[in-house]
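Below: the structure, in structure tokens.
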Amino acid sequence: MSVRLKRDFFLKDIHIVAHQLVGKIIVRKFDAMKEERFRITEIEMYVGEMDLASHASKGRTKRTEVMYSCGGCVYVYLIYGMYWLLNIVTGKKDQAQAILVRGVEGIDGPGRIGQQLKLDKSFYGENLESSNRIWVEDDGMLCNYTLHPRINVEYAGDIWKNKLYRYKIEKAKL
DNA sequence: GCAGTGATACAA
DNA sequence: TGTATCACTGCG
């Protein structure tokens with residue numbers, strides 16, 4: 001029995017949402033016939049404007065605008081001209097928190113997830129509570145996870161690049 | 001180890 | 001207008 005997560009799940013502080021999001025299921029409906037499910041195995045937190053690794057550290061721009069809306073929206077952006085990365089906005093309006101989905105079951109790597117889920121700029125700002133093509137479900141599975149530093153954030157300075165903001169599911173629990 | 005790739009942000 | 005940068009991947 002799988003239940004779609006409502007907006008209030010994402011409105012909590014990012015630290016709470018992140019540890020509850022590990023093991024949840026991303027559902028991507030491609031058309032009437034095709035609907036695929038992916039259990040989240042790895043995520044990273046970007047905790048707000050003060051986080052020097054976050055796009056929001058540069059303030060509000062056209063690209064980061066959706067990070068400033070309240071939780072439950074999708075933030076996608078194109079990186080290196082090739083890959084659409086999937087993020088989920090959390091917290092209250094103007095907190096600028098977002099969680100990068102770095103791995104799901106069967107797909108390792110944020111760029112590959114974007115390819116597999118056929119993401120593009122039209123997903124920018126998509127509402128996870130009401131969308132008919134992408135949402136998140138809870139099937140009740142509880143997962144343990146391990147903490148690690150984030151990847152490719154060398155530019156963020158000693159304090160922020162070393163934060164244990166990457167959550168990885170324990171393989172044994174899958 | 002590093003090329004490929006193009007939108008974005010900011011300087012000018 | 002130009003250009004430096006980039007929350008990555010795949011092929012050496």
Side-chain angles (χ1 to χ4, degrees), chain A residues 10 12-26 28 36 38-128 131 134-136 143 145-169 171:
Chain A
F10 302 100
K12 290 165 283 184
D13 184 78
I14 191 166
H15 292 82
I16 296 170
V17 179
H19 95 83
Q20 293 180 350
L21 195 59
V22 178
K24 295 292 185 287
I25 298 167
I26 293 175
R28 173 77 173 93
E36 292 184 357
F38 307 89
R39 191 177 302 279
I40 297 171
T41 56
E42 189 173 354
I43 57 177
E44 277 178 8
M45 296 193 296
Y46 291 85
V47 302
E49 282 192 337
M50 77 297 289
D51 181 352
L52 295 181
S54 173
H55 293 160
S57 67
K58 300 260 171 60
R60 201 184 277 253
T61 65
K62 194 180 175 198
R63 179 174 68 157
T64 61
E65 187 60 34
V66 75
M67 296 180 80
Y68 290 81
S69 60
C70 68
C73 290
V74 170
Y75 167 40
V76 290
Y77 68 93
L78 187 68
I79 186 74
Y80 298 110
M82 279 182 250
Y83 306 104
W84 288 96
L85 300 205
L86 174 62
N87 299 253
I88 295 173
V89 179
T90 72
K92 298 174 193 149
K93 190 174 180 309
D94 294 330
Q95 286 188 309
Q97 304 178 339
I99 295 174
L100 169 66
V101 181
R102 190 164 257 300
V104 297
E105 210 166 359
I107 312 173
D108 187 21
R112 290 182 216 161
I113 291 171
Q115 292 178 334
Q116 289 271 331
L117 301 199
K118 294 188 167 60
L119 301 180
D120 58 53
K121 66 172 182 279
S122 75
F123 283 84
Y124 186 88
E126 192 87 353
N127 183 331
L128 289 170
S131 173
I134 189 167
W135 62 90
V136 185
C143 295
Y145 53 81
T146 50
L147 299 176
H148 307 83
R150 292 176 290 187
I151 291 178
N152 285 344
V153 293
E154 292 304 309
Y155 57 85
D158 288 342
I159 294 185
W160 292 100
K161 81 180 186 201
N162 293 323
K163 293 275 191 188
L164 300 178
Y165 282 171
R166 183 158 58 101
Y167 293 61
K168 196 167 181 172
I169 204 168
K171 279 209 173 95

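These numbers were taken from a predicted model, which means no experiment stands behind them. Both backbone and side-chain heavy atoms feed into the values below; hydrogens, waters and symmetry mates do not. Throughout, a chain's letter reflects where its sequence line sits, starting with A, and its residues are numbered from 1.
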Does A:Arg112 reach a base, just sugar-phosphate, or nothing at all? Heavy atoms under 4.0 Å. sugar-phosphate
First and last nt of DNA chain C near chain A, cut-off under 4.0 Å to heavy atoms, 5' to 3', are C:dC6 to C:dG10
To the closest 0.5 Å, what do you measure between CD1 (A:Ile88) and CD1 (A:Ile40)? 5.0 Å
At what distance, to the nearest 0.5 angstrom, does NE2 of A:His55 lie from OG1 of A:Thr61? 9.0 Å
Between A:Ile99 and A:Gln115, which residue's closest nucleotide on DNA chain C lies nearer the 5′ terminus? A:Ile99
What contact category does A:Leu85 fall into here, base, sugar-phosphate, or nothing, at under 4.0 angstrom with non-hydrogen atoms? sugar-phosphate
Between A:His19 and A:Tyr145, what is the ring plane arrangement, given parallel below 30°, perpendicular above 60°, and tilted in between? tilted
Residues A:Arg150 and A:Glu44 bridged, charged N to O under 4.0 Å: no
Considering only heavy atoms from C-beta outward, does the side chain of A:Val47 approach that of A:His15 to under 4.5 Å? yes
The criterion is side chain to side chain donor-acceptor pair (under 3.5 Å); which residues satisfy it with A:Tyr165, sequence neighbours excluded? none
Show me the pairs that pass salt bridge (charged side-chain N to carboxylate O under 4.0 Å, His left out) and involve residues 153-162 of chain A, at least two apart or across chains. A:Glu154-A:Lys161, A:Asp158-A:Lys161
Can you run through DNA chain B from 5' to 3' and write each base as (, ), [, ], | or . depending on how it pairs? Watson-Crick or G-U wobble, both distances under 3.5 Å. ||||.||||||.
Once each nucleotide of nucleotides 5-12 of chain B is scored for protein heavy atoms under 4.0 Å, what B/S/- sequence comes out, 5' to 3'? BB-SS---
A:Glu105 and A:Thr41: side-chain donor and acceptor closer than 3.5 Å? no
Write out all pairs satisfying salt bridge (charged side-chain N to carboxylate O under 4.0 Å, His left out) with one or both partners inside residues 85-99 of chain A, taking only residues at least two apart or from two chains. A:Arg60-A:Asp94
Is a side-chain donor-acceptor pair under 3.5 Å present for A:Gln97 with A:Asp13? yes
